[in-house]
Amino acid sequence: MSALAGVENSAGAVLRRAVELDGGGRYQESLVCYQEGIELLLQVLKATKDEAKKNHYRQKLRSYMDRAEQIKHHVLKEKEEGKYHKQIKIVENATGYSYENLFKPYVDEMLTEVWVEDPYIRHTHQLYNFLRFCEMLIKGPSKVKKINLLTSRDEV
């Protein structure tokens, strides 16, 4: 298999995943896949000599780029309306998930108040984690004036 065919196969796989995620309403993830797939397909287009294939790739690219742009606007609108929701699964003992990596994309100058609901803050390390989260919030660019923690009573 040639290098071009390998890139073409990768582009197809990534774009199929984008469409699948898009259909499942997982827009942020689908947007990332669309962007990666488009980039790969552009490489294929540049390396292709056959004019009919080039036209086919251009048509596909236009379609994927239009959809990616629609999703981008949808995600931005949801963020502005405060409706954006993203679930991140972190397996036990995983590393590399800083508060900045996880939360900074949602912290902007419009943010003035934060609510944290965690029914299990009991131990010193959990309090330190909450403190680190609060420090990340006030470093900016937000204008956070109030941080609320809703927890529950310890059933001893």
Side-chain angles (χ1 to χ4, degrees), residues 1 3 5-44 46 60-156:
M1 178 190 300
V7 174
E8 185 177 12
N9 287 341
S10 295
V14 172
L15 288 165
R16 280 190 295 279
R17 181 70 176 142
V19 171
E20 179 185 318
L21 291 166
D22 187 357
R26 294 166 62 183
Y27 300 117
Q28 184 69 44
E29 294 163 281
S30 72
L31 181 58
V32 171
C33 287
Y34 276 121
Q35 290 167 336
E36 289 177 13
I38 287 167
E39 191 175 310
L40 290 168
L41 203 52
L42 280 169
Q43 291 174 23
V44 173
K46 288 176 187 173
K60 287 288 189 187
L61 278 163
R62 229 181 333 271
S63 170
Y64 290 129
M65 289 169 90
D66 288 346
R67 183 60 186 149
E69 197 61 33
Q70 290 171 349
I71 291 171
K72 189 173 168 183
H73 288 295
H74 175 75
V75 169
L76 284 173
K77 184 178 176 221
E78 282 195 334
K79 282 182 182 178
E80 287 169 3
E81 294 173 356
K83 296 179 183 174
Y84 183 72
H85 174 81
K86 180 177 179 182
Q87 184 174 4
I88 301 168
K89 292 186 181 183
I90 302 173
V91 296
E92 191 173 344
N93 297 321
T95 59
Y97 294 96
S98 71
Y99 289 112
E100 283 77 11
N101 289 348
L102 294 171
F103 298 105
K104 274 295 188 185
Y106 312 102
V107 177
D108 61 21
E109 59 277 351
M110 300 293 290
L111 186 64
T112 58
E113 183 176 8
V114 174
W115 279 87
V116 176
E117 190 173 331
D118 187 337
Y120 302 107
I121 292 186
R122 301 277 185 272
H123 303 286
T124 305
H125 75 277
Q126 293 168 322
L127 289 170
Y128 283 135
N129 286 339
F130 180 66
L131 178 63
R132 283 189 207 98
F133 173 74
C134 294
E135 289 171 343
M136 181 271 312
L137 285 173
I138 61 171
K139 281 181 191 170
S142 72
K143 309 244 186 301
V144 172
K145 301 285 184 233
K146 187 174 182 183
I147 300 170
N148 304 281
L149 173 61
L150 179 61
T151 189
S152 63
R153 189 176 301 219
D154 197 1
E155 304 289 327
V156 180

| request: Look at the aromatic rings of Y27 and H74 and report parallel, tilted or perpendicular, splitting at 30° and 60°. | output: perpendicular
| Is any side-chain heavy atom of T151 less than 4.5 Å from a side-chain heavy atom of D118? | no
| Check: V19 and Y34 side chains under 4.5 Å, non-hydrogen atoms | yes
| message | A side-chain contact here means heavy atoms from C-beta on lying under 4.5 Å apart; do L41 and L15 qualify? | response | yes
| field | More than 12 heavy atoms from other groups under 6.0 Å of CD on E113 | value | yes
| request: Kindly indicate whether the side chain of Q43, heavy atoms from C-beta on, has any atom under 4.5 Å from the side chain of L40. | output: yes
| field | Steps toward salt bridge (charged side-chain N to carboxylate O under 4.0 Å, His left out) verdict (E20, R26) | value | CA-CA 9 Å; E20 179 185 318; R26 294 166 62 183; over 6 Å; no
Cut-off 3.5 Å, no hydrogens considered: what does the side-chain donor-acceptor table look like for residues 126-138, sequence neighbours left out?
from, atom 1, to, atom 2, distance (Å)
Q126, OE1, R122, N, 2.6
Q126, OE1, H123, N, 2.7
Q126, NE2, Y120, O, 3.2
N129, OD1, R132, NH1, 2.8
N129, ND2, H125, O, 3.4

| said: Check whether N148 reaches the backbone of V114 with its side chain - one donor and one acceptor, N or O, closer than 3.5 Å. | reply: yes
| request: Decide whether E69 and H73 meet the rule of one side-chain donor and one side-chain acceptor closer than 3.5 Å. | output: yes
| query | Does the side chain of L31 reach to within under 4.5 Å of the side chain of L21, using non-hydrogen atoms? | reply | no
| With a cut-off of 6.0 Å (strictly less than), are more than 12 heavy atoms of other residues, nucleotides or ligands near NZ of K104? | yes
| remark: Here the pair of heavy atoms bringing V107 nearest to P141 is O-CG, 3.8 Å
| task | Check whether any side-chain heavy atom of L111 sits under 4.5 Å from a side-chain heavy atom of K143, and report yes or no. | result | no
